[in-house]
Number of protein chains: 2
Amino acid sequence: MAVPGLERRFRERGLRRTPQRVAVWSDFAGHPGSTIREAAARLQRAGIGQATVYRAVRALEEAGLIVRFAAPHGEVRFAAVLDHAHLLVCERCGHVEPLQECGLHAYEAELARRSRFRVRGHTLIVYGLCPECQESP
Amino acid sequence: MAVPGLERRFRERGLRRTPQRVAVWSDFAGHPGSTIREAAARLQRAGIGQATVYRAVRALEEAGLIVRFAAPHGEVRFAAVLDHAHLLVCERCGHVEPLQECGLHAYEAELARRSRFRVRGHTLIVYGLCPECQESP
DNA sequence: CTTGCTGCAAAAATTTTGCAGGTGT
DNA sequence: ACACCTGCAAAATTTTTGCAGCAAG
């Protein structure tokens, strides 16, 4: 799977671009909102060990290539990202939809000025009910 | 500790307002960005069992009274919230600062219209370096 | 009252680690 | 080359559960 910015992000972070790490990232990209457990089960069929999945998740998360978020029922789920992380999550069925823009850049700049933090990025998770789940009781 | 909206939020969700749950919420309010482990250690000294802390965290999270987020190194941390959750997190030292506004309401409305989700709320985590950590190498 | 919450300790599940090869750069 | 990554299985850690009594509404 050729992902434009991915290779660069690996290099920038000094991460080796191994097939396993690409596979883990791709799995989350293809199944946004998976738990580590679910991803590991799928990847294990491709011969990737459990420990490797955990190690890759940690590396990718520190590199900002995936994000972790709280899904309904306190579950920890992940989704692949390339730049900012903006997700729309259904609280009922757990469906995750990546968002394109967030209109937060102005706010971020304002915040950096007021807080004296050096702002590097942000994660925005919007919770709600997806169209399907609005139907069923 | 008398927290204005807290009692109402408990009632709205059908949660019993027990001393233990209030203690757990207050602990995260007083130590934003704690892990469950750290909170449990503090609360255990007050005679609150480990299992109770885990059960309270689940209940409070489902009620939207605390939020879970990913801190540096993949750690899962929590912070108390009353309404929206807007946090400024230092990636180096883990310091967490709650934010007041987020300027996202217009975006949320726009999003609801375009995505056909029924948007209920959101969590915004801004990552960066706090003033202290900008100094030290 | 009645239903749900708590504490304790044990059980289950998840995550990390040590080590002997591989592999990317 | 050589530092870093992987797989395996075991070890460590975290989270959940069963149960008897307590307590909130």
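Every chain is numbered from 1 and lettered A, B, ... according to where its sequence line falls, protein lines coming before strand lines.
Summarising the geometry, the separation between CZ on R13(B) and P on dG4(C) is reported as 17 Å, rounded to the nearest angstrom. Atom C1' of nucleotide dT15(C) and atom CZ of F78(A) are separated by 11 Å, given to the nearest angstrom. Remark: P of dC4(D) and CD of Q20(A) are 17 Å apart, rounded to the nearest angstrom. Atom CG of L15(A) and atom C1' of dG24(C) are 13 Å apart (whole Å). Taking atom CD of residue E7(A) and atom P of nucleotide dG24(C), one finds them 13 Å apart after rounding to whole Å. Across the protein-nucleic acid pair, Q44(B) atom CD and dT15(D) atom P stand 14 Å apart, rounded to whole Å. What separates CD of Q50(B) from C1' of dA10(C) is a distance of 13 Å, to the nearest Å. Whole-Å rounding puts the R17(B) CZ to dG4(C) C1' distance at 15 Å.
Residue T52(B) has its side chain nearest to dG7(C) when only dT15(C), dG7(C), dT6(D) are considered. Taking the side chain of Y54(A) as heavy atoms from C-beta on, and the options dT17(C), dA9(C), dT15(C), the nearest nucleotide is dT15(C). Of the candidate nucleotides dG24(C), dC5(C), dT14(C), dG24(C) has the atom nearest to the side chain of T18(A). Here the side chain of A51(A) is nearest to one of dT6(D), dC8(D), dT17(D), namely dC8(D). Minimum atom distance to the side chain of I48(A) is reached by dG7(D), of the listed dA9(C), dT14(D), dG7(D). For P19(A), the side-chain atoms get nearest to dG24(C) when compared with the rest of dC8(D), dT6(C), dG24(C).
Backbone-only engagement by R58(A) is indicated by non-hydrogen atom pairs under 4.0 Å involving sugar-phosphate atoms exclusively. Among the protein residues, R55(B) comes within range of the nucleic acid bases, having at least one heavy atom under 4.0 Å from a base atom.
Between the side chains of R42(A) and S34(A), a donor-acceptor pair is found at a separation under 3.5 Å. Side-chain contact check for E38(B) and H31(B): no donor-acceptor pair (N or O, by modelled atom type) lies under 3.5 Å.
The side-chain heavy atoms of L99(A) and Y107(B), taken from C-beta on, include a pair separated by under 4.5 Å.
Remark: the backbone N or O of V22(B) is paired with a side-chain donor or acceptor of S26(B) at under 3.5 angstrom.
At dT3(C), none of the side-chain N or O atoms of R16(B) fall inside 4.0 Å of OP1 or OP2 (strictly under the cut-off).
The aromatic rings of F28(B) and F78(B) are tilted relative to each other, their planes meeting at an angle between 30° and 60°.
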